[in-house]
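Protein chains get the first letters and strands the later ones, always in sequence-line order, with residue 1 at the start of each.
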Number of protein chains: 2
Amino acid sequence: MATIYEVSKLAGVSLATVSRVMNNNTPVKESTRRKVLDAMAQLDYRPNSIAQSLASNRSNSIGVLVSELHGPFYGAMLTGIEAEFRAAGKHVIITAGHSDLATEQDGIEFLKSRNCDALILHVEAVSDDYLLALAAEETPFVLLNRHIPAIADRCISLNNELGGYLATRHLLQQGHRKIAYIAGPMWKTDARDRYHGHQRALAEYQLTADPALFFEGDFRETGGSKGLESLLKTGKTFSALVCANDEMASGAITAARELGLNIPQQLSVMGYDNVNFAYYTYPKLSTIDYPISAMGQMAARWVLREVYQYDGNEVQQVFEPALISRDSVLAV
Amino acid sequence: MATIYEVSKLAGVSLATVSRVMNNNTPVKESTRRKVLDAMAQLDYRPNSIAQSLASNRSNSIGVLVSELHGPFYGAMLTGIEAEFRAAGKHVIITAGHSDLATEQDGIEFLKSRNCDALILHVEAVSDDYLLALAAEETPFVLLNRHIPAIADRCISLNNELGGYLATRHLLQQGHRKIAYIAGPMWKTDARDRYHGHQRALAEYQLTADPALFFEGDFRETGGSKGLESLLKTGKTFSALVCANDEMASGAITAARELGLNIPQQLSVMGYDNVNFAYYTYPKLSTIDYPISAMGQMAARWVLREVYQYDGNEVQQVFEPALISRDSVLAV
DNA sequence: GCTATAAATGAAAGCGCTTACATTAATACT
DNA sequence: AGTATTAATGTAAGCGCTTTCATTTATAGC
């Protein structure tokens with residue numbers, strides 16, 4: 001592999017000049033540039049990105065930490081991120097945090113140790129304080145799907161409250177009045193926000209959430225099935241169920257089917273996230289769209305702007321969810 | 001950030017010695033090692049991985065190219081890969097090829113330019129010749145889900161023929177005799193192999209595939225729905241349908257439902273891949289398990305062995321698919 | 001044509017490590 | 001004790017670039 005030195009020799013210029021035409025950050029006479037470019041082509045020269053990084057103190061790599069690499073949600077997010085960076089010639093180092101405190105912290109350390117120029121974090125287990133401390137360090141980062149007021153400018157998040165509101169309002173508009181709710185773990189902000197939206201929609205209809213029709217799930221399929229069973233056992237009737245995410249909605253639907261409950265005829269169900277498989281369930285799940293891919297892309301843009309001084313596109317920090325009406329909700 | 005130089009000064013040893021305790025590739029007296037370790041701890045020293053890479057000509061990074069970052073399939077694969085490398089302190093650079101020739105080639109160039117020590121490729125559009133040429137270059141790589149005889153030692157693939165065989169045999173064992181087939185694009189090896197397996201199973205029952213009951217799909221949902229409609233239009237009857245992947249099976253099931261066909265009572269359906277959502281369909285999809293996560297992990301091991309001289313675990317190159325029997329197939 | 005200023009280029013010092021080679025310290029053997 | 005080995009450590013030359021600062025070359029102004 002040819003080095004910059006050989007290029008400079010062949011072109012009859014100094015190392016510095018070759019470097020200049022590569023980075024074109026300093027004016028170079030057109031004729032000189034030509035010579036250098038020709039020499040590069042002739043030698044099939046490719047700059048050594050490691051050496052560039054060492055000398056410039058820029059790795060051109062961005063660390064991304066997500067909870068899981070698989071699953072419908074994170075894939076979409078990574079797609080948005082990667083596409084944006086690839087176009088900019090930056091590369092993405094990924095790692096998984098598995099929603100576990102130690103693993104997330106390790107992951108962040110790992111990425112820092114790889115000299116990432118910036119980090120995009122989708123962390124759940126790590127505390128606000130930890131992130132605040134991290135913000136005081138030199139590695140810049142953006143938070144996806146998390147809102148910490150003190151560092152709001154580094155947060156890209158969804159208006160979860162609005163999504164919760166939209167889901168329940170949809171049900172109310174379809175005539176439902178007795179609406180059960182299966183929440184996510186209430187220690188998670190997004191779970192709480194979604195529930196608050198639910199309450200707000202109810203309030204608009206002069207209703208309040210019935211504690212008996214509330215179940216705290218775990219955002220996983222079994223949370224939905226167990227939730228539905230538990231809800232049914234209370235003896236309280238309800239004509240609709242909103243689940244705080246699609247996995248739980250799917251679990252609830254499956255459980256309902258096993259109990260001989262017809263969906264949506266006997267029970268309308270709303271999901272949340274609009275994850276890929278929401279389209280594959282039967283009936284097709286009505287849900288709230290979470291524009292996660294766009295949000296990933298926006299996180300990438302944030303980095304491009306703040307870290308690499310790209311200008312252009314404004315960064316949107318708060319995203320709006322949207323109602324996706326499919327077949328799991330019936331008017332009553 | 002402290003450098004190796006400061007550590008060496010504090011510990012009262014030379015740079016080389018510090019380097020030695022870091023890499024422990026050369027014996028260092030225990031007392032010296034202690035001093036160095038203490039100094040490191042005291043300074044909160046973290047080696048600069050870029051500098052290490054430049055000096056050692058090893059980037060400790062592995063490039064991974066997959067068709068898509070989202071989707072049920074690749075996520076599982078990435079999980080397997082990342083977990084293995086993370087444990088080894090290597091990091092993974094990912095990029096997407098989108099099953100497109102130019103994008104795949106670009107992606108490979110991109111990864112090479114990032115000084116990856118090795119590449120793990122899941123490529124579809126790029127030709128065998130291209131890969132053969134790549135094999136002649138210096139960057140080592142493994143191919144996932146592709147088999148090229150001339151470089152068989154770098155290929156990790158599934159016995160697709162066996163999977164096709166298992167799917168159809170399952171149907172035959174359940175008493176089905178008229179079996180329709182929706183294939184993937186027949187220019188893809190895996191699509192062809194799966195179909196050959198189908199034929200072999202039929203042959204064992206003294207049957208041959210009826211061309212009228214064959215449809216070439218595209219591995220996507222619409223391929224399944226269009227396939228089923230087309231198959232139905234021929235007027236030929238069939239009691240079972242095997243689809244060359246789960247997406248198409250899901251499309252076929254949805255189309256069937258819209259046409260008032262009961263699954264599995266009136267038509268048994270087999271999928272292929274055992275992708276995450278196969279569990280969320282209704283009825284739950286009987287399918288062929290593709291151990292893609294394990295295969296990703298194995299690709300990582302290949303790299304660890306061949307490139308980083310890890311010993312231990314043998315690398316398994318050909319994987320066996322397995323039948324997953326769920327609810328979309330009924331005995332007749 | 002000569003100086004003042006601006007534009008283009010070059011020289012060389014790092015960036016923070018690894019590693020071949022040289023040197024010194026420790027151990028073994030007579 | 002003195003030499004031969006072996007083990008442990010140090011010295012210093014890179015790895016392939018970027019970038020500051022100095023120098024040279026071109027342009028302008030008189």
Please pick, from [options], the nucleotide with the shortest atom-to-atom distance to any side-chain atom of [X].
X: B:Thr17; options: C:dA8, D:dT9, D:dT18; answer: D:dT9
X: B:Leu15; options: C:dG16, C:dT18, D:dC17; answer: C:dT18
X: B:Ala55; options: D:dC15, C:dC15, C:dA8; answer: D:dC15
X: B:Ala51; options: D:dA8, C:dC17, C:dT9; answer: C:dC17
X: B:Ser56; options: C:dG10, D:dC17, C:dT18; answer: C:dT18
X: B:Ala16; options: C:dG16, C:dT19, C:dA8; answer: C:dT19
X: A:Arg20; options: D:dT20, D:dA8, C:dA20; answer: D:dT20
X: B:Val28; options: D:dC15, D:dC17, D:dT9; answer: D:dT9
X: B:Pro27; options: D:dA8, C:dG14, C:dT9; answer: D:dA8
X: A:Leu54; options: C:dC17, C:dA8, D:dG16; answer: D:dG16

Whole angstrom value for the distance that separates [atom2] of [N] from [atom1] of [X]:
X: A:Lys29; N: D:dA26; atom1: NZ; atom2: C1'; result: 8 Å
X: A:Asn48; N: C:dC15; atom1: CG; atom2: P; result: 18 Å
X: B:Arg114; N: D:dG16; atom1: CZ; atom2: C1'; result: 15 Å
X: A:Arg33; N: C:dT9; atom1: CZ; atom2: C1'; result: 13 Å
X: B:Glu30; N: C:dA26; atom1: CD; atom2: C1'; result: 17 Å
X: A:Arg58; N: C:dG16; atom1: CZ; atom2: C1'; result: 18 Å
X: A:Asn25; N: D:dC17; atom1: CG; atom2: P; result: 15 Å
X: A:Ile50; N: C:dC17; atom1: CD1; atom2: P; result: 14 Å

Exercise for the section: Decide yes or no, distance alone: a donor-acceptor N/O pair under 3.5 angstrom between the base of C:dG16 and the side-chain of B:Arg46. Expected result: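 No.
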Practice task
Please say whether the positively charged group of A:Arg86, taken as NZ for Lys or CZ for Arg, lies over the ring of B:Phe110, i.e. under 6.0 angstrom from the six-membered ring centre and within 45 degrees of the axis.
Solution key: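 Verdict for B:Phe110: a cation-pi partner in A:Arg86.
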Problem - Over-ring placement of B:Lys188 relative to B:Phe219, 6.0 Å and 45° cut-offs - result: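 No, cation not above the ring by the 6.0 Å, 45° rule.
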So [X], base contact, sugar-phosphate only, or nothing? Heavy-atom distance under 4.0 Å.
X: A:Asn57; answer: nothing
X: B:Ser53; answer: nothing
X: B:Val18; answer: nothing

Practice task
Report yes if the distance between the aromatic ring centroids of B:Phe319 and B:Tyr290 is under 6.0 Å, otherwise no.
Solution key: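 B:Phe319 vs B:Tyr290: aromatic centres not under 6.0 Å.
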Exercise for the section: Please confirm whether B:Tyr74 and B:His122 have ring centers closer than 6.0 angstrom. Expected result: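 Centroid distance B:Tyr74-B:His122: below 6.0 Å, so yes.
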Problem - Heavy-atom side-chain contact between B:Arg114 and A:Asn60 under 4.5 Å - result: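 The answer is yes; the side chains approach within 4.5 Å.
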Under 4.0 Å from OP1 or OP2 of [N]: is there any side-chain N or O of [X] that close?
X: A:Asn23; N: D:dT18; answer: yes
X: B:Tyr5; N: C:dT18; answer: no
X: A:Ser14; N: C:dG10; answer: yes
X: A:Ser19; N: D:dT18; answer: yes

Exercise for the section: Answer yes or no: are there more than 12 heavy-atom neighbours, outside B:Tyr310 itself, under 6.0 Å from its atom OH? Expected result: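 Count over threshold, so yes.
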